[in-house]
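We name chains A, B, ... by the order of the sequence lines, and we start the count at 1 in each one.
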Amino acid sequence: MHPLDDPCPPQPSALEKIWHTLEQVPYGRVVTYGQLADLAGQPGRARLAARALKLAPTERSLPWYRVIGAGGKITIPKTSPGYQRQIEHLRNEGVTVNQGRVKMSEYQWQPDLAELLWQLDY
DNA sequence: CTCGTGACTGCTT
DNA sequence: GAAGCAGCCACGA
């Protein structure tokens, strides 16, 4: 092997990991920014998850609206058009939204072991 | 390099 | 509940 050859294959970027994990979130369920980051192998980096959503390529049509703030609160600024759009998307999937809040005990996604292992294979 | 800015969180008033 | 704040971290000015 040439000494300058990269001995390691290219790693998926943190953003890619976030997007990939987001794709696993099932219809009608939600995750928090922090949870999404954790599941993507980026513990404690909730703001990274938020940024990943904002930068997500539209052609990938990710379920960005299934990501909400800790405690079930919609954290998109109310002044943003995305705020209402997120609520509409969630309601279309049967998720109840009251006062900009989602009942986490009812809708939060909790991946089982098989799903986690599937993702590790990525 | 420093600073301000978030689609964040958790803790304290 | 609401508001403030420190910790957080990538980004751009």
Side-chain angles (χ1 to χ4, degrees):
Chain A
M1 175 184 284
H2 189 283
L4 292 183
D5 281 347
D6 187 346
C8 305
Q11 303 283 119
S13 71
L15 254 45
E16 291 286 354
K17 290 178 181 174
I18 298 281
W19 293 333
H20 176 74
T21 301
L22 177 54
E23 285 174 329
Q24 323 287 315
V25 182
Y27 180 99
R29 312 305 294 287
V30 299
V31 292
T32 68
Y33 292 91
Q35 182 189 1
L36 179 60
D38 288 350
L39 292 172
Q42 311 297 313
R45 303 180 63 182
R47 304 195 82 148
L48 175 67
R51 204 171 59 86
L53 263 49
K54 187 183 299 184
L55 300 179
T58 56
E59 62 271 23
R60 199 156 168 173
S61 57
L62 295 165
W64 58 270
Y65 48 85
R66 304 211 266 245
V67 184
I68 59 187
K73 190 166 69 173
I74 303 287
T75 54
I76 298 180
K78 286 193 185 64
T79 58
S80 162
Y83 182 81
Q84 285 301 325
R85 295 210 303 119
Q86 179 166 32
I87 293 178
E88 288 170 23
H89 274 293
L90 289 174
R91 286 179 174 158
N92 283 340
E93 299 194 346
V95 176
T96 299
V97 184
N98 279 328
Q99 307 296 129
R101 291 297 209 72
V102 170
K103 190 176 181 180
M104 294 306 275
S105 59
E106 189 167 352
Y107 298 106
Q108 182 171 37
W109 178 49
Q110 300 187 308
D112 61 30
L113 184 56
E115 289 170 301
L116 288 175
L117 292 176
W118 170 262
Q119 180 164 284
L120 285 179
D121 209 26
Y122 169 64

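Within 4.0 Å (heavy atoms only), A:Thr32 reaches sugar-phosphate atoms of the nucleic acid but no base atom.
In this structure, the side chain of A:Gln108 does not engage the main chain of A:Gly72 through any donor-acceptor pair within 3.5 Å.
Each of A:Gly44 and A:Leu55 lies near DNA chain C, and the nucleotide nearest A:Gly44 is the one positioned closer to the 5' end.
Among all heavy-atom pairs drawn from A:Glu16 and A:Arg60, the shortest one is OE1-NH1, 3.1 Å.
Between A:Tyr33 atom OH and C:dG7 atom P there is a gap of 24 Å when expressed in whole angstrom units. Between the C1' atom of C:dC11 and the CZ atom of A:Arg51 lies a distance of 7 Å, rounded to the nearest Å. The distance between atom NE2 of A:His89 and atom P of B:dA7, rounded to the nearest whole Å, is 18 Å. Atom C1' of nucleotide B:dA7 and atom CH2 of A:Trp19 are separated by 15 Å, given to the nearest angstrom. For the pair A:Arg47 CZ and C:dG12 P, the interatomic distance rounds to 16 Å; values are reported in whole Å. For the pair A:Leu15 CG and B:dA7 C1', the computed distance is 14 Å after rounding to whole Å. A straight line from CG of A:Leu22 to C1' of B:dA7 spans 13 Å, rounded to a whole angstrom.
Only the C1' atoms considered, B:dC1 is 13 Å distant from C:dA13, to the nearest whole Å.
Between A:Arg45 and C:dC8, a side-chain N or O to OP1/OP2 separation shorter than 4.0 Å is absent.
By the 30° and 60° cut-offs, the orientation of the rings of A:Trp64 relative to A:His89 is perpendicular.
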